[in-house]
K.L.:
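My structure is below; once you've seen it, I'll send some questions.
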Protein chains: 2
Amino acid sequence: MTVPTLLSPDVRSDRCGDCPIRYRAVCSHCEADQLAILDQMKSYRSYSAGDTLIWAGEPVSKLGSIVKGCASLTRTMEDGRRQMVGLLFPSDFLGRPGREASPYDVIAATDVTLCQFERESFETFLGATPQIGNRLLEMTLDELDAAREWMLLLGRKTAREKIASFLVILARRDALLNKKFPGDHAKFDMIISRESLADYLGLTIETTSRQISALKNEGIIRLTGKRMVEVPDFDRLLRESGEDA
Amino acid sequence: MTVPTLLSPDVRSDRCGDCPIRYRAVCSHCEADQLAILDQMKSYRSYSAGDTLIWAGEPVSKLGSIVKGCASLTRTMEDGRRQMVGLLFPSDFLGRPGREASPYDVIAATDVTLCQFERESFETFLGATPQIGNRLLEMTLDELDAAREWMLLLGRKTAREKIASFLVILARRDALLNKKFPGDHAKFDMIISRESLADYLGLTIETTSRQISALKNEGIIRLTGKRMVEVPDFDRLLRESGEDA
DNA sequence: CGCCTGATTGACGCGGTTCAACCTCAGTGG
DNA sequence: CCACTGAGGTTGAACCGCGTCAATCAGGCG
């Protein structure tokens, strides 16, 4: 576990107004005066890739937003079988108001910067500030939709479709972040290891690796290094994913 | 589709104060004066088993709570593969505030009574009544946890464990509804057909049927009729489900 | 260089799907 | 009263996609 720093070197200023996730995070609907209160309550903390932010079942006293990086939510069975049940990106909220412990491990997939609050003070603020609650409801409903989308993938898609679906999501994300059109030649980092990917898709490492190789050999994707992926023809990838439109 | 009735014959009175889901539904945190407003806004509607309450992608103008019965949320792929992504029981909320269309079909698994609101008036009320929003947030977070639990089942459990896990949920529900201890000899209705069950568990009908037969032959469950299940030894069933505790 | 971790590839077997036959039961009508 | 029908469920046999086990490879680091 990394030694926590008060201010991540990658965050320019510690004022909420300058925050890169100001308009997407749980605080996005807040007015200036409410933001000032959050500004007082918050603190930053950094984690290195691989660090565990929250252990399943352990009580946690903090809640917060991902400012930078990517973290995974994972459930593990007694015999070691693992299933990733979510991926958190910048602006996503971490921890559940009204509950002490998380039912899953939260692990930094990359280096992560967190904007965190004490549970108690955040919950008090939440009770007094409908904007926070409304935004949190919006975000939770979106996560629920995403989880259900993933249930279709886990329950019904083939290994090949699972891999393609994951790449489609990353390609769309790449297009969004870089203001390109989805369909444009995408190039992005795969973010997570083969092992994590297997845990995300409900597959083994070997099947994951084989299907990626197959897509590469058929020219549907190109690999540079282990992690960088290029998608020359987005629609072709989309067809492999089993999705319409 | 059944002809809608203004008042279901099974609901004793149409006043919210007498409602069977008064203390669990989205309205549970409301005060008397807020309840009076909801009382004006709501209307009841009945559906028969098999009716489609909401078609995926179609705009819907209503939101509401399940008062009686059980409905399923299902996603379908172009080639016909289907995955159930949720089951709604009495007090569960139906429809998403802030979004016109549902990404999945909602189908009555049994006869269903719905307490429904016009989207617009409900959203207005939601904006003015933090209690509603807070309760909705709680319920959505619970659903998210349930969905993630299900992701573990879909991604990592064997067919046998999937069946056992489903029966564990029903047995617990039976114990809760009838104020027994989980662990007591449970007896309950399976609610859904083999086909729906297969769609829920990410299996085929045949595998579902085979695994149920296997559990029966080993004495872990007893079947009376096609749908009624008895569980003589809950812990034994629990062990088959792959869960701990 | 040797070591270690993560990824790839191959051979093989099993769990679950597929295809198909048959069974059960409730509803219908002669 | 019973034959007919159709939907839902069960059972069997063959196949195959993915998991398992194992060997090998590629790259980073002391």
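Chain naming here is simple, since letters A, B, ... match the order of the sequence lines and numbering starts at 1 in each.
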K.L.:
If you only use heavy atoms from C-beta on, which nucleotide in C:dT9, D:dT10, D:dC18 is closest to the side chain of A:S213?
P.N.:
C:dT9
K.L.:
So, OP1 or OP2 of D:dG17: does either fall under 4.0 Å of a side-chain N or O from A:T207?
P.N.:
no
K.L.:
Has the side chain of A:E206 got a donor or acceptor that lies under 3.5 Å from a partner of the other kind on the base of D:dC18?
P.N.:
no
K.L.:
Give the rounded distance in Å between these two atoms: CZ of A:R210 and C1' of D:dG19.
P.N.:
9 Å
K.L.:
Closest approach to the side chain of B:T204, judged atom by atom: which nucleotide of C:dT8, C:dG16, C:dT18 is it?
P.N.:
C:dT18
K.L.:
Starting at atom CG of B:L154, determine the distance to atom C1' of C:dG15, rounded to an integer number of angstrom.
P.N.:
17 Å
K.L.:
What verdict does the salt bridge (Lys or Arg N to Asp or Glu O under 4.0 Å) test give for B:E143 and B:R148, after you've listed the backbone C-alpha separation in whole Å, the side-chain angles of each residue and the deciding distance to 0.1 Å?
P.N.:
CA-CA 9 Å; B:E143 279 198 85; B:R148 285 172 169 165; over 6 Å; no
K.L.:
Report the distance from atom CZ of A:R82 to atom P of D:dG19, rounded to the nearest whole Å.
P.N.:
16 Å
K.L.:
Please determine whether a side-chain nitrogen of the Lys or Arg among A:R24 and A:D92 lies less than 4.0 Å from a carboxylate oxygen of the Asp or Glu.
P.N.:
no
K.L.:
In whole Å, I'd like the distance from the CZ atom of B:R227 to the C1' atom of C:dT24.
P.N.:
14 Å
K.L.:
Would you call B:R160-B:E218 a salt bridge at under 4.0 Å N-O?
P.N.:
yes
K.L.:
How would you label the contact of B:I212 with the nucleic acid (heavy atoms, under 4.0 Å): base, sugar-phosphate, or nothing?
P.N.:
nothing
K.L.:
So how far is it from A:K162 NZ to A:T158 OG1, rounded to the nearest 0.5 Å?
P.N.:
8.5 Å
K.L.:
From the options C:dT18, D:dT10, C:dA11, select the nucleotide whose nearest atom is closest to the side chain of B:I205.
P.N.:
D:dT10
K.L.:
Has the side chain of B:R160 got a donor or acceptor atom sitting under 3.5 Å from an opposite partner on the base of C:dG15?
P.N.:
no
K.L.:
Expressed as a whole number of angstroms, how long is the span from B:L223:CG to C:dC23:C1'?
P.N.:
16 Å
K.L.:
Taking A:E161 first and then A:R239, would you say they form a salt bridge - that is, a charged N and a carboxylate O separated by under 4.0 Å?
P.N.:
no
K.L.:
Round to the nearest Å and state the distance from B:D79 atom CG to C:dT18 atom P.
P.N.:
10 Å
K.L.:
To the nearest Å, give me how far apart CD1 (A:I163) and C1' (D:dG17) are.
P.N.:
14 Å
K.L.:
Return whichever of A:T208 or B:K226 has its heavy-atom-nearest nucleotide of DNA chain D closer to the 5' end.
P.N.:
B:K226
K.L.:
Checking all strands, does A:G202 fall into the base, sugar-phosphate, or nothing category for heavy-atom contacts under 4.0 angstrom?
P.N.:
sugar-phosphate
K.L.:
Measure CG/A:L201 against C1'/D:dC18 and give the value in whole Å, please.
P.N.:
14 Å
K.L.:
So B:S193, base contact, sugar-phosphate only, or nothing? Heavy-atom distance under 4.0 Å.
P.N.:
sugar-phosphate
